Amino acid sequence: MSTVKLTTNQYGKAENRLMRVYRDTDRHEIRDLNVTSQLWGDFETAHTEGDNEHVVATDTQKNTVYAKAKELGVSSPEQFLLGLADHFTSSFDWVSGGRWEAEEFGWARINDHDHSFYRAAPEVRTAVLTRDGDTDTLISGFRDLTVLKTTASGFVGYPRDKYTTLPETEDRILATDIATRWVYNTTDVDFEATYEKVKAIILDAFTDHYSKALQQTLYKMGEKVIEQVDEIDEIRFSCPNKHHFLYDIERFGLENPNEVFIVADRPYGLIEATFTRDGVEESKDAWTHIKGFC
Ligand SMILES: O=c1[nH]c(=O)c2[nH]c(=O)[nH]c2[nH]1
């Protein structure tokens, strides 16, 4: 009798790098993705007996990603992941769900050229679909959108103890790499338009107020997204406070009215928060395996 029991498990092919080119006309279009496929279901005997009867090979999962890029196209990362989930859950009885993830890298045309591009999007777009039986949870977002404002930010009023040296300031640089992910309450979404809308709301919120702390700025970003996008009930942020410290050039007889800063790459503040629509429960489970968010 074994004393060991198999519990949570998943398996698949990670980080399938995929470039889909649309060349129906001379003006080509591209989608550049990094796709991970992981299956959930009855894989008990694969682990306990070495019986591979149910094991859809990770190599097959990889091939399916590329085949579906041709068959379904890539109209958005989210739609593509929904297509993969439909395929695996409908093709194999014992596959009850899974986790499919995509990152997307954005390109722009060089001088409006028909088939030459440069890597242009500053951020990496992200999407994670989990399907558990009949329940889909779709979490979209982006990371590494670096933003900075040179004023309209301060940090005062915090407790001072014997270890506190930070001077209060009502005029500082505020800079961060925005990483955010939001949970859709439906999969019936115009994913392209909504992505652009959420990104625009977040960028606008970064600019539109005097920031008393990065915490307050994240709240304002989250509040606006929840207010303006009906399909989103929950949004999370993970943002480093990229410190810019006024450099002491007074030692050299030079004034420094907020003009010369030393940019510290570490340590950095790390500010994370989740915002939900009032009355809606946080969807904790779907965040398992999403690194870097509280
Ligand atoms: O926006 C900020 N939030 C903090 O929590 C913090 N702590 C700190 O030292 N500087 C800042 N800035």
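Note that the numbering runs from 1 along the sequence shown for the chain. Just so you know, these numbers use all the heavy atoms, side chains as well, and skip hydrogens, waters and symmetry mates. Order of appearance sets the numbers: ligands from 1, and atoms from 1 within every ligand. In this text, all values refer to a predicted model and were calculated from it rather than measured experimentally.
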> Tell me, please, which residues at least two apart from N241 pass side-chain contact (heavy atoms from CB on, under 4.5 Å).
R172, L174, L214, H243
> Should Y210 and M221 be counted in the same cluster of Ile, Leu, Val, Met, Phe, Trp and Tyr side chains packed under 4.5 Å apart?
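No, it is not one cluster - the side chains of Y210 and M221 are not joined through contacts under 4.5 Å.
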> Measure up the F293 and W287 rings against each other and bin them: parallel (under 30°), tilted (30 to 60°), perpendicular (over 60°).
tilted
> Do any pairs count as a salt bridge (Lys or Arg N to Asp or Glu O under 4.0 Å) and have a residue in residues 253-274, sequence neighbours left out, and if so which ones?
none
> What does the 4.0 Å heavy-atom contact list look like for ligand 1?
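The answer is F155, L166, R172, A213, L214, Q215, N241, counting any residue whose heavy atom sits under 4.0 Å from ligand 1.
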> Does E223 come within less than 4.0 Å of K220, counting only side-chain N to carboxylate O?
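No.
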> According to the salt bridge (Lys or Arg N to Asp or Glu O under 4.0 Å) rule, which pairs have a member within residues 174-197, sequence neighbours left out?
R31-E192, R125-E192, D177-K242
